[in-house]
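Atoms considered below: every heavy atom in the structure, side chains included; atoms not considered: hydrogens, waters and symmetry mates. Proteins come first, then strands; the chains are lettered A, B, ... in the order of their sequence lines, and each starts at number 1.
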Protein chains: 2
Amino acid sequence: MYLDEHERRRELYRLQAMLCQVLADPTRIELIELLGEGPKAVKELAQATGQRQAKISQHLAVLRQRGLVHAQRVGTEMHYSLTDSRILEACHLTRSLLLDQLLRQGELAESVLSERR
Amino acid sequence: MYLDEHERRRELYRLQAMLCQVLADPTRIELIELLGEGPKAVKELAQATGQRQAKISQHLAVLRQRGLVHAQRVGTEMHYSLTDSRILEACHLTRSLLLDQLLRQGELAESVLSERR
DNA sequence: TTCCTGTATTCGAATGCGCGAATATTCTAA
DNA sequence: TTAGAATATTCGCGCATTCGAATACAGGAA
């Protein structure tokens, strides 16, 4: 069960890819954002996102299985919350990366337009 | 072409998911890490990762199309480099998130083991 | 030109993912 | 106990992704 350094590094990359895969869905990102405001019931999440309940439950199951969120029964409801606030940080960092990309593309588009004038 | 705030937010989530999707592959993560050290030729990358050249080119094409890396001809070689160092930051943040998760799971496993003694 | 090296692309098969629809499950209240 | 509300799960389809294999392409040297 002991791996050499090379294999260990590669195994880490594999796990990291699985983590990123969880973040690679718009609905799950929105759920993470909403849960960043505090614990919420499934119904609330479905309402806030405008998605069907079954779909929300499916995505919550993915987040749960990967340990990103934690579920707690409260009467008949299930209250979900983030297990680690750094999940939010990761989301925000990738978003700022994205925004910079979009800005750059916007500048590129503008410069192309001004060349053509 | 103008979207209301709700639709704009959702469009942003969609783009962010696409960005995360790019980071959701172990080979691509390794390439990003390697390029974090500085520009490298395809051959070097293939050698460093131990993967076939065609596979590396395929993944580089994905990174290129999403604007994460930039390619430059140098003689007969193509030198790839990161377009933004924050890509590395994003990788490092998700990795530290992962490591914390693994640590927590390790502690959990240990506590379960000690209970059984 | 021809050969060789380095790189890119295409194709097909296998696998994985997200979704809607339908159905199960779990808890509370009556 | 039954009814109903909240949530979870299963199934099957369509779609995207990954990979190896084969091939194409581009530039330098002879």
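Distance CD (A:Gln51) to P (D:dT7): 16 Å, rounded to an integer number of Å. With rounding to whole Å, B:Leu31 atom CG is found 12 Å from D:dT18 atom P. Atom C1' of nucleotide C:dG6 and atom CD of B:Gln72 are separated by 16 Å, given to the nearest angstrom. Distance B:Leu23 CG to D:dT17 P: 14 Å, rounded to the nearest Å. Taking atom CD of A:Gln47 as the reference point, atom P of D:dT7 lies 11 Å away to the nearest angstrom. The NZ-P distance, from B:Lys55 to C:dC11, rounds to 21 Å in whole Å. The CE atom of B:Met18 sits 12 Å away from the C1' atom of D:dA16 (whole-angstrom rounding). The nearest whole Å value for the distance from the CD1 atom in B:Ile56 to the C1' atom in D:dC19 is 12 Å.
Taking every side-chain heavy atom of A:Gln53 into account, D:dT7 is the closest of C:dA21, D:dT7, C:dT9. Closest to the B:Val42 side chain, of the nucleotides D:dT9, C:dA8, C:dC17, is C:dA8. When distances are taken from the side chain of A:Glu77 to each of D:dA8, C:dT7, D:dA6, the shortest belongs to D:dA6. Comparing C:dT9, D:dT7, C:dT7 against the side chain of B:Ala41 picks out C:dT7 as the nearest. Closest approach to the A:Met78 side chain among C:dT10, D:dT9, D:dT7 is made by D:dT7 (side chain taken as heavy atoms from C-beta onward). Closest approach to the A:Lys43 side chain among C:dA8, D:dC19, D:dT7 is made by D:dT7 (side chain taken as heavy atoms from C-beta onward). Nearest nucleotide to the A:Asp25 side chain, out of D:dT18, C:dC19, C:dT9: C:dC19. Distance from the side chain of A:Arg52 is smallest to C:dG20 among D:dT7, D:dG20, C:dG20. Distances were taken from every side-chain heavy atom of A:Gln58 (C-beta onward) to each of C:dT7, D:dA8, D:dT10; the shortest belongs to D:dT10. Counting only heavy atoms from C-beta on, A:Arg28 has its side chain closest to C:dG18 among C:dC19, D:dC19, C:dG18.
The residue among A:Val62 and B:Leu60 whose nearest nucleotide of DNA chain C lies closer to the 5′ end is B:Leu60.
Applying the side chain to side chain contact (heavy atoms under 4.5 Å, CB included) criterion to B:Arg9, with sequence neighbours excluded, gives A:Glu30, B:Glu5, B:His6, B:Tyr13.
Side-chain contact between B:Ile87 and B:Asp84 is present, with at least one heavy-atom pair separated by less than 4.5 Å. A heavy-atom distance below 4.5 Å is not found between the side chains of B:Pro26 and A:Arg10.
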CA sep, side-chain torsions, deciding dist, call: B:Gln47, B:Glu44, side-chain contact (heavy atoms from CB on, under 4.5 Å): CA-CA 5 Å; B:Gln47 190 175 356; B:Glu44 290 180 81; 5.6 Å; no

Verdict with supporting geometry, A:Ile29 and B:Leu12, side-chain contact (heavy atoms from CB on, under 4.5 Å): CA-CA 10 Å; A:Ile29 293 174; B:Leu12 208 57; over 6 Å; no

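Contact check, A:Arg73 against D:dA6: no side-chain N or O comes under 4.0 Å of OP1 or OP2. Checking the phosphate oxygens (OP1, OP2) of D:dC19, a side-chain nitrogen or oxygen of B:His59 falls inside 4.0 Å. Within the structure, a side-chain polar atom (N or O) of A:Tyr80 is placed less than 4.0 Å from OP1 or OP2 of D:dA8. Side-chain nitrogen and oxygen atoms of A:His79 include none within less than 4.0 Å of the OP1 or OP2 phosphate oxygen of D:dT7. At the phosphate of D:dG27, neither OP1 nor OP2 sits under 4.0 Å from any side-chain N or O atom of B:Thr76.
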For residues 58-74 of chain A, run the donor-acceptor check on the side chains, cut-off 3.5 Å, and write out each pair with its distance to 0.1 Å, sequence neighbours left out.
| unit_1 | atom_1 | unit_2 | atom_2 | d |
| --- | --- | --- | --- | --- |
| A:His59 | ND1 | A:Arg28 | NH1 | 3.2 |
| A:Arg64 | NE | A:Tyr80 | OH | 3.3 |
| A:Arg73 | NE | A:Gly75 | O | 3.4 |

